[in-house]
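All remarks here apply to the structure that follows.
Worth knowing before you read on, the calculation uses all heavy atoms, side chains too, and leaves out hydrogens, waters and symmetry mates.
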There are 2 protein chains.
Amino acid sequence: MNAAKHDVFQAIADPTRRDVLKLLAHKELPISEISSHFPISRTAVAKHLHILSEAKLVSGRKVGREKIYQLRPEPLKELKDWLAFYEQFWSNRLSILKHVVENEEK
Amino acid sequence: MNAAKHDVFQAIADPTRRDVLKLLAHKELPISEISSHFPISRTAVAKHLHILSEAKLVSGRKVGREKIYQLRPEPLKELKDWLAFYEQFWSNRLSILKHVVENEEK
DNA sequence: TAAAAATGAAACCATTTGGTTTTATGTTCG
DNA sequence: CGAACATAAAACCAAATGGTTTCATTTTTA
């Protein structure tokens, strides 16, 4: 749970982390408030926040003794771009047929 | 590497699996051919295919002694839907401002 | 200033993950 | 038929993951 090995794909792989993102979509929140929404320890939630932070999906700023986390959806663009490539295969019947035909040709 | 605990999010979390999907986007292929594109063992690739298969992102059919795998992009729709929710936060300046304003109100 | 609050950091743990090697099993082809 | 081919299945392994508990640090606040 340390290095820069956490990209967007890995970050959103965990359901708890996806829930955290959804929570922060409403409103920025301090760790303790975030963790109060989950059945796991505050420490565990903090670790998830670190991972999300590495992936730049959230940012945290210290305010007094609290650390306030905020959603940073920009990195999700990478996911959107990745997805876009595959959309041609389902977006309509024609492109599906096109795909089949192309495979037949080979 | 077994149960039905592999959803789309987890399936695409691994870079090798994403590469496998991209390979199959061109054309359906047997395991040995797929694994020839990677620096890991055929067995390891087969396991990745099992995981992709659990997530319904690929399907395999046996033809003679070969098992031919095919891309099944449909489950990526779940990802697209998930993403759609967050797009409001980056799609244009107005919606970003809207987000800020809504948070101020609270 | 001392206690409470909020977080950080470290040590630890069981399970999962991504890989290997080895051993079987079914299929094709000379 | 027997060898070669393609995959399947099993046993094993190190590292990563998602948790925990315990202890320390910083900031309020009564």
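Atom NE2 of residue A/His6 and atom CG of residue A/Leu52 lie 10.0 Å apart, to the nearest 0.5 angstrom.
In this structure, CG of A/Asp14 is placed 14 Å from C1' of C/dT17, rounded to the nearest angstrom. One atom, CG of B/Asp19, and another, C1' of C/dG18, lie 15 Å apart when rounded to the nearest Å. Distance NE2 (B/His50) to P (C/dG18): 14 Å, rounded to an integer number of Å. Taking atom NZ on B/Lys47 and atom P on D/dA11, their separation rounds to 12 Å, with Å as the unit. Rounded to an integer number of Å, the gap from CG of A/Leu52 to C1' of D/dG18 is 13 Å.
Across D/dG19, C/dG18, C/dT7, the shortest atom-to-atom separation from the side chain of A/Thr16 is found for D/dG19. Ranking D/dA6, C/dG18, C/dT17 by closeness to the B/Ser32 side chain, first place goes to D/dA6. With C/dT7, D/dG19, D/dG18 as the candidates, the nucleotide lying closest to the side chain of A/Ile51 is D/dG18.
Interface residues of residues 34-42 of chain A facing DNA chain D, ordered by number: A/Ile40, A/Ser41; criterion, heavy-atom separation under 4.0 Å. Contacts between residues 56-69 of chain B and DNA chain D, defined by a heavy-atom separation below 4.0 Å, involve B/Lys62, B/Arg65, B/Glu66, B/Lys67, listed by number.
For the OP1/OP2 pair of D/dT21 and a distance below 4.0 Å, the side-chain nitrogens and oxygens of A/Thr43 include no atom meeting the criterion. Considering only side-chain N and O atoms, B/His6 lies under 4.0 angstrom from the phosphate OP1 or OP2 of C/dT17. Side-chain N/O atoms of A/His48 include one lying less than 4.0 angstrom from OP1 or OP2 on D/dG19. In this structure, B/Gln10 reaches the C/dT17 phosphate: one of its side-chain N or O atoms is under 4.0 Å from OP1 or OP2.
Under the salt bridge (charged side-chain N to carboxylate O under 4.0 Å, His left out) criterion, A/Lys77 pairs with no residue, sequence neighbours left out. B/Ser41 meets the side chain to side chain contact (heavy atoms under 4.5 Å, CB included) test with B/Thr43, B/Ala44; sequence neighbours excluded.
B/Glu33 approaches B/Leu29 most closely through the heavy-atom pair CG-CD2, 3.7 Å. Taking each heavy atom of B/Ser35 and B/Ser32 in turn, the nearest pair found is OG-O, 3.1 Å.
For the pair A/Ala13 and B/Glu33, both in contact range of DNA chain D, the more 5′-proximal nearest nucleotide belongs to B/Glu33.
Electrostatic pairing of A/Lys56 and A/Glu74 does not count as a salt bridge here, judged by no charged N lying under 4.0 Å from a carboxylate O.
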List the atom pairs, donor and acceptor, that lie under 3.5 Å between side-chain atoms in residues 15-25 of chain A and the rest of the protein, sequence neighbours left out.
| residue | atom | partner | partner atom | Å |
| --- | --- | --- | --- | --- |
| A/Arg17 | NE | A/Ala11 | O | 2.7 |
| A/Arg17 | NH1 | A/His48 | ND1 | 3.1 |
| A/Arg17 | NH2 | A/Gln10 | O | 3.2 |
| A/Arg18 | NH1 | A/Ile12 | O | 2.7 |
| A/Arg18 | NH1 | A/Ala13 | O | 3.1 |

Taking distance alone, no hydrogens or angles, what donor-acceptor pairs closer than 3.5 Å link side-chain atoms of residues 59-69 of chain A to residues at least two apart or in another chain?
| residue | atom | partner | partner atom | Å |
| --- | --- | --- | --- | --- |
| A/Arg61 | NH1 | A/Glu28 | OE1 | 3.0 |
| A/Arg61 | NH1 | A/Glu28 | OE2 | 3.4 |
| A/Arg61 | NH2 | A/Glu28 | OE2 | 3.3 |

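Two residues are said to be in side-chain contact when any heavy atoms from C-beta on lie closer than 4.5 Å; A/Val8 and A/Glu78 meet this criterion.
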